[in-house]
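Keep in mind that what you see is a predicted model, and the values were worked out from it rather than measured. Every chain is numbered from 1, with letters handed out A, B, ... down the list of sequences. Values below: every heavy atom of this structure, side chains too, minus hydrogens, waters and symmetry copies.
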Number of protein chains: 2
Amino acid sequence: MSPRKSAAEARRTRERIVERGVAIASVEGLEGLTIGRLATDLGMSKAGILGHFGTKETLQLATLDEASAVFLRVVWQPAAHETPGLPRLRAVCEAWITYLEHEREIFPGGCLFTTASVEFDARGGRVRDAVARLHRLWRRRLVGELRLAVTAGDLPSGTDPEQVAYELVGLYLALNQAIQLFADPLAPDRTRRALDRLLAQA
Amino acid sequence: MSPRKSAAEARRTRERIVERGVAIASVEGLEGLTIGRLATDLGMSKAGILGHFGTKETLQLATLDEASAVFLRVVWQPAAHETPGLPRLRAVCEAWITYLEHEREIFPGGCLFTTASVEFDARGGRVRDAVARLHRLWRRRLVGELRLAVTAGDLPSGTDPEQVAYELVGLYLALNQAIQLFADPLAPDRTRRALDRLLAQA
DNA sequence: CCTACCGATCGGTAGG
DNA sequence: CCTACCGATCGGTAGG
């Protein structure tokens with residue numbers, strides 16, 4: 001029926017699948033992301049979906065990769081031009097709040113990393129490993145930025161970057177919960193207040 | 001085959017189902033908790049399981065209730081005899097750490113409330129409502145205890161109990177992630193350090 | 001509490 | 001990229 005597509009068209013189809021996959025998984029989780037649901041949403045056959053990935057696990061890994069690219073683009077890249085250290089960290093933290101508040105088109109069910117973290121934290125397998133790896137990656141970035149801030153003298157020399165990064169992550173987990181579960185409009189400002197305290201006297 | 005059981009026996013069977021359900025759901029989530037899996041684990045038929053609840057949704061609600069009872073028993077009750085206010089709050093916070101660290105028999109996949117919160121935060125329905133209600137309940141308890149601490153003069157009079165409770169919840173979300181996803185042995189002490197700072201100068 | 005069943009959906013494959 | 005399948009499992013029901 002449908003003629004064989006060019007490589008460029010196939011790539012574009014793959015992108016559409018992954019984009020839709022991120023949206024579904026942010027609501028239903030990476031296990032709740034089913035090939036049949038994707039096929040229905042995109043007007044394709046299940047075999048057409050699966051042809052691009054081979055297995056569901058590979059589809060899940062591709063979906064995680066795309067979520068990672070979105071996070072990089074929305075949270076870290078807009079801050080890239082800021083002065084390294086505290087100014088850049090502050091810009092990242094503010095973009096992170098905006099991301100959790102407004103990125104509803106890409107992640108209608110909230111940050112996919114948070115969802116995937118809890119979903120796979122008690123399992124084994126390649127998806128779990130990828131989730132843990134990505135969380136470590138973003139954590140290391142935060143720690144690196146905090147170290148720069150200490151070196152620059154923007155934070156007290158006694159500051160423990162790992163400790164501050166740990167507390168920062170907690171604030172964003174709380175923010176994701178406040179937005180998704182409680183639809184609490186005060187949560188972004190609560191997060192800013194906590195950030196100010198944390199980064200002023202770390 | 002099996003003779004009709006007495007009401008007491010039926011109640012005991014129901015307890016066994018719910019207990020096992022909590023363990024499964026803490027790993028697989030409340031949607032991943034299937035009637036077939038429960039039946040296999042307990043050596044029963046699916047109809048035997050379902051007879052106690054009628055629908056999967058009712059089973060999920062019963063499982064949440066049991067998890068709530070466990071949390072009350074392990075985190076709040078041991079602190080009940082402490083002086084209301086900061087001393088009791090401190091005892092709760094320490095028991096909460098122990099709970100996330102060691103309650104592996106009851107919750108092999110970590111705190112069921114955290115799992116369920118993320119799993120249902122983008123959905124509708126009665127299970128989601130129950131999850132939100134329970135989170136609000138525990139949050140209110142924290143706020144109440146913080147208010148007592150302010151009244152007693154154990155925390156500065158300018159303290160915002162809602163703000164501190166928000167940050168406390170974030171710390172425990174971070175702790176659950178650190179234990180479950182990273183198996184980080186430093187996380188309990190990181191949590192204690194953050195707590196000390198938070199409750200010393202709130 | 002059981003056996004025996006239902007339609008729907010799951011991930012995945014064969015073949016084109 | 002499709003149609004047409006596969007065996008397994010899902011929640012749930014009938015009847016005892």
Side-chain angles (χ1 to χ4, degrees), chain A residues 1-21 24-25 27-64 116 119-120 123-128, chain B residues 1-21 24-25 27-64 116 119-120 123-128:
Chain A
M1 272 303 174
S2 62
R4 178 151 282 135
K5 301 291 180 62
S6 71
E9 284 173 311
R11 211 179 311 122
R12 180 68 197 122
T13 300
R14 198 195 131 105
E15 280 169 20
R16 283 179 60 234
I17 297 170
V18 170
E19 204 173 296
R20 189 82 204 106
I24 295 173
V27 175
E28 314 284 349
L30 279 168
E31 284 296 329
L33 169 64
T34 68
I35 295 154
R37 165 77 185 276
L38 267 173
T40 304
D41 283 13
L42 296 172
M44 291 174 61
S45 66
K46 291 200 301 172
I49 303 285
L50 215 41
H52 286 271
F53 306 96
T55 66
K56 176 170 180 175
E57 189 181 59
T58 308
L59 166 65
Q60 290 173 315
L61 292 170
T63 304
L64 267 181
E119 189 179 10
F120 286 89
R123 305 181 190 188
R126 292 171 59 195
V127 177
R128 185 231 150 86
Chain B
M1 271 303 174
S2 63
R4 177 150 282 137
K5 301 290 180 63
S6 72
E9 283 173 313
R11 212 179 311 122
R12 180 67 197 122
T13 300
R14 199 194 131 105
E15 280 169 19
R16 282 179 61 234
I17 296 170
V18 170
E19 204 173 296
R20 188 83 204 103
I24 294 172
V27 175
E28 313 285 349
L30 279 167
E31 284 295 330
L33 169 63
T34 68
I35 296 153
R37 166 76 185 276
L38 268 173
T40 304
D41 283 13
L42 296 172
M44 291 173 61
S45 66
K46 291 201 300 173
I49 303 284
L50 215 40
H52 286 271
F53 305 95
T55 66
K56 175 169 179 174
E57 190 181 59
T58 309
L59 166 65
Q60 290 173 315
L61 293 170
T63 303
L64 266 181
E119 189 178 11
F120 286 89
R123 304 182 191 188
R126 294 171 58 196
V127 177
R128 185 231 150 85

Is it true that A/E15 and A/R12 make a salt bridge, defined as a side-chain N closer than 4.0 Å to a carboxylate O? yes
Holding to side chain to side chain contact (heavy atoms under 4.5 Å, CB included), I want the full list of residues that pass it with A/E31, two or more places apart in sequence or in another chain. A/K56, A/Q60, A/E119, A/F120, A/R123
Measure from CG on B/L38 to C1' on C/dC2 and round the result to the nearest Å. 17 Å
Mind checking what makes salt bridge (Lys or Arg N to Asp or Glu O under 4.0 Å) contact with B/E57, not counting sequence neighbours? B/R126
Residues that A/R20 engages under salt bridge (Lys or Arg N to Asp or Glu O under 4.0 Å), provided they are two or more places apart: A/D41
How close do A/T63 and A/A25 get, counting heavy atoms only, and between which atoms? CG2-CB, 4.3 Å
Tell me, please, which residues at least two apart from B/T58 pass side chain to side chain donor-acceptor pair (under 3.5 Å). B/T55
Using Watson-Crick pairs (N1 to N3, plus N6-O4 or O6-N4) and G-U wobble pairs, both distances under 3.5 Å, which stems of at least 3 pairs involve DNA chain D? C:1-16 with D:1-16
B/S/- contact track for nucleotides 9-14 of chain C, protein heavy atom under 4.0 Å: -SBBB-
A/E19 with A/R16: basic N within carboxylate O range, under 4.0 Å: no
Contact between B/L50 and B/L59 at the side-chain level, heavy atoms closer than 4.5 Å - yes or no? no
